[in-house]
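Before any comments, here is the structure.
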Protein chains: 2
Amino acid sequence: METATVDLATTLRQQGYRVTQPRRAVWDALVRASGHMTVEQLSRQVEEPVDQASIYRTLKLFEELGLARMSHLGEGEASRWEPAHPDEHFHLVCRSCGTVDHHIGTLVRDIRNHLDDGHGFDVEDVELVVTGRCDDCRA
Amino acid sequence: METATVDLATTLRQQGYRVTQPRRAVWDALVRASGHMTVEQLSRQVEEPVDQASIYRTLKLFEELGLARMSHLGEGEASRWEPAHPDEHFHLVCRSCGTVDHHIGTLVRDIRNHLDDGHGFDVEDVELVVTGRCDDCRA
DNA sequence: TTGGGTGCAAACTCTTTGCAGCGTT
DNA sequence: AACGCTGCAAAGAGTTTGCACCCAA
């Protein structure tokens, strides 16, 4: 967590952005929660209050800097944010309890490879969301 | 197209819903366009004017009846609708020209199988959206 | 005839934007 | 001191909802 904070400050400064209290607070909340946070949830968990508009701006910046990643996990749902991690993964959303699990595997890379091989499509992003019922919620 | 219309009326009646002009018009527009339509696009292409609120209600009904399918194809974009087809497929969205292609293959089924085999997750829906640049848009 | 469906308008949610003032550099 | 960033409030998009009227059954 300390490491994460340092990384944030370093990355911001390297790219010529200011290291501000709101940015630190949003980043800390994001890291502390380890992912899948809506802007609203973040705004509630942030140490010092930060305006939601600023949270949106901050997260968008983090995304550009490669620090955070957004996903849509379902219909009519707000976007969810998590610290960017290096592994390609996808999300398993339980429609019963709402839990979101990461599933790390070769699947996303397989998709990339499959499309790179002569399908003439230059893949930039793979968004894979699987909805269903998790182990705990099945009968 | 005539077949499609007949299917619509039959399905509606079988489930106790009324066969109305707006429902026919929305369905025709959806079939005619063969997919990937936003509500706004549909409202422009429908023969007789249909209120957007009614289009939303109609599409939601079609979805429940298994006649149509919705996808989110990108950030901040409106939902897109297409007639439900039996093949499992996913979408290739070109961020340059905006074209959306279907890609039919075993990938989606592979994902289902992968998760069904002892991962304890009961898969209901797989939403896979690949963003990148299509053949035509690459240099 | 009757109640399901529609149009219209208002409300709601999520997100973005304009602007004046604050705080990092 | 300078100007990038923030908070606040308002505006925007997409979608939903309440309600009176209409029309398919």
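A, B, ... follow the sequence lines: proteins, then strands. Residue 1 opens every chain. For the numbers below, each heavy atom of this structure counts, side chains included, while hydrogens, waters and symmetry mates do not.
The side chain of A/Tyr17 has D/dC5 as its nearest neighbour among D/dC5, C/dG5, D/dA25. You'll find that the side chain of A/Ala78 is closest to C/dT15, out of C/dT25, C/dT15, D/dC8.
Applying the 4.0 Å criterion to OP1 and OP2 of C/dT16, one finds that A/Tyr56 has every side-chain N and O outside that range. B/Lys60 has no side-chain polar atom (N or O) that falls below the 4.0 Å cut-off from OP1 or OP2 of D/dT15. Dashed line: the shortest gap from a side-chain N or O of B/Thr38 to OP1 or OP2 of D/dG14 is not under 4.0 Å. Contact annotation: B/Ser54 side-chain N/O to C/dG5 OP1/OP2 distance is not under 4.0 Å.
Applying the 3.5 Å distance criterion, the base of C/dG23 shares no donor-acceptor pair with the side chain of A/Arg23. Donor-acceptor pairing under 3.5 Å, judged by distance alone, is present between the side chain of B/Arg57 and the base of C/dG7. The base of D/dG4 is paired with the side chain of A/Arg18 by a donor and an acceptor separated by under 3.5 Å.
We find that CD1 of A/Ile55 is positioned 12 Å from P of D/dC8, with the value rounded to whole Å. Put simply, CG on B/Leu59 is 10 Å from P on D/dT16, counting in whole angstrom units. Distance B/Arg24 CZ to C/dT6 P: 11 Å, rounded to the nearest Å. Rounded to whole Å, atom P of C/dT15 lies 9 Å from atom CD of A/Gln52. A straight line from CG of B/Asp51 to P of D/dC19 spans 17 Å, rounded to a whole angstrom.
A donor-acceptor pair is defined here as one N or O able to donate and one able to accept, closer than 3.5 Å; no such pair exists between the side chain of A/Thr106 and the backbone of A/Arg109. For B/Arg18 (side chain) and B/Arg13 (main-chain N/O), no donor-acceptor pair under 3.5 Å exists by modelled atom type.
The only option from A/Glu127, A/His103, A/His102 that meets the side-chain contact (heavy atoms from CB on, under 4.5 Å) definition with A/Phe90 turns out to be A/His103. If you run side-chain contact (heavy atoms from CB on, under 4.5 Å) between A/Leu73 and each of A/Val129, A/Leu92, A/Thr131, only A/Val129 comes through.
Remark on DNA chain C: of its neighbouring residues B/Thr20 and A/Ala53, the 5'-side contact belongs to B/Thr20, judged by nearest-heavy-atom nucleotide.
Between the side chains of B/Ser96 and B/Arg133, at least one donor N or O lies within less than 3.5 Å of an accepting N or O.
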